[in-house]
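Comments concern the structure below.
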2 protein chains.
Amino acid sequence: MLTKKTKYALRSLIHLALKADQGPVLIADLAAEENIPKKFLEHILLELNKEGYLASKKGKGGGYFLAQPATKIVIGDVVRLMDGPLAPVACVSKTAYAKCKDCGPENECRIRPVMKRVREAIADVLDQTTLQDMLATPKRKKL
Amino acid sequence: MLTKKTKYALRSLIHLALKADQGPVLIADLAAEENIPKKFLEHILLELNKEGYLASKKGKGGGYFLAQPATKIVIGDVVRLMDGPLAPVACVSKTAYAKCKDCGPENECRIRPVMKRVREAIADVLDQTTLQDMLATPKRKKL
DNA sequence: TATAACTCTAGTATAGTAGTAGACTAATGG
DNA sequence: CCATTAGTCTACTACTATACTAGAGTTATA
């Protein structure tokens, strides 16, 4: 399950991407429009800022804006930053590998191969989707 | 992330499947051999029993055993039973759909389509893997 | 009919998620 | 240059889920 934090982060990035040409967006406005608790949002934006996804301008007329083109922002990386590894078990994670303590030797594990395939399936989707890909207005009822 | 509970459940099922021809297995033995806290394991086996995956025999010479052939036990269903829905967000779950409260209308959501693909990717793996599929001894160093 | 073994209710501890408070710092505009 | 706007940062708190544990109860077989 995605945490709310991650969902908030994605919503924020989408929002900022859509308003990229309209100058900095205030935390307060973003919070109000996206229905995110303001104080919590501050944390999230700060993390995205530190990681280089966002940039900010202080003082009057300031706010947040994308620091990278939407085509460069990979959703898998955003999810990893917020939620941690994509892998369902640490022992199959590429970016945060850790040996299972309570299991026997890995090459005898019968769970690992399946979970490895799950990890790959998730990563295939999220690492090949950029923020830009998410921007397209979703399917309409009619066209 | 898979919870430990789910991992324990899978390890138990595998264990029981491998010993299917040797009569009932004691909770205590299963706990010891699979390195699972006994009391916790009781809960897990009970759930698997109620769901029809396992059966038990009481009294002396009793224990647990598979109530279904390993080919009928779908890993996705076991994970759902233990961990809940596979979907990363409830609004794309097939088995436990729930509308997101803090989001706008679903057909305008830009996160949903991606997460739907993630859900499908996970389900594709887990719903097409049976307990039997997990039994094959994993790859060896040499043959 | 003793006892081995599963069944069940009701807890507790720890950790992670979600969110808040409030002081601090930096950058504008007048 | 200084008031104000707006982001930065540290340190909490509340809540929930996970991971267990205790102990009494029940059932079936030798």
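Each chain gets a letter, A, B and so on, in the order its sequence line appears, and its residues count up from 1.
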Q. Do you know which two heavy atoms are closest between B/Val118 and B/Pro88, and how far apart they sit?
A. CG1-CG, 3.9 Å
(Q) Against B/Leu13, only a single residue in B/Leu45, B/Leu18, B/Ile44, B/Leu66 fulfils side chain to side chain contact (heavy atoms under 4.5 Å, CB included); can you say which? (A) B/Leu66
Q. Are A/Ile14 and B/Met115 co-members of a hydrophobic cluster defined by side-chain heavy atoms under 4.5 Å apart?
A. yes
(Q) For a quick check, with a 4.0 angstrom heavy-atom cut-off, what is the B/S/- contact string for nucleotides 18-23 of chain D, read 5' to 3'? (A) -SBBBB
Q) Under 4.5 Å between any side-chain heavy atoms of A/Ile111 and A/Val89, yes or no? A) no
Q. Tell me: CG of A/Leu46 to C1' of D/dC9, nearest whole Å?
A. 7 Å
Q: Check every nucleotide of DNA chain C for an atom under 4.0 Å from a heavy-atom of chain A, then give the first and the last such nucleotide from 5' to 3'.
A: C/dA18 to C/dT28
Q. Please give, in whole Å, the distance from D/dA17 C1' to A/Met1 CE?
A. 13 Å
Q. Side-chain heavy atoms under 4.5 angstrom apart, residues restricted to Ile, Leu, Val, Met, Phe, Trp, Tyr: same cluster for B/Phe65 and B/Ile36?
A. no
Q. Can you tell me how far P of D/dT27 sits from OH of B/Tyr64, to the nearest Å?
A. 15 Å
Q) Separation of A/Phe65 atom CZ from D/dA6 atom C1', in whole Å? A) 13 Å
Q. Is the phosphate of D/dT27, meaning OP1 or OP2, less than 4.0 Å from a side-chain N or O of B/Lys60?
A. no
Q: Have a look at A/Lys7 and say if it touches a base, only the backbone sugar-phosphate, or nothing, with a 4.0 Å heavy-atom cut-off.
A: nothing
(Q) When you group the ILVMFWY residues by side-chain heavy-atom contacts below 4.5 Å and let the links chain together, are A/Leu48 and A/Leu26 in the same group? (A) no
Q | Pairs touching residues 63-77 of chain B that satisfy side-chain hydrogen bond (donor to acceptor under 3.5 Å, both in side chains), sequence neighbours left out | A | B/Asp77-B/Arg80
Q.
Whether A/Asn49 contacts D/dT8 is assessed here as follows: a side-chain N or O lying under 4.0 Å from the phosphate OP1 or OP2. Is that the case?
A. yes
Q) If we only count heavy atoms from C-beta on, is the A/Cys103 to B/Arg11 side-chain gap below 4.5 Å? A) yes
Q.
Salt bridge or not between A/Lys7 and B/Asp102? Use side-chain N to carboxylate O under 4.0 Å.
A. yes
Q) How is B/Leu45 classified with respect to the nucleic acid when contacts are heavy atoms under 4.0 Å: base, sugar-phosphate, or nothing? A) nothing
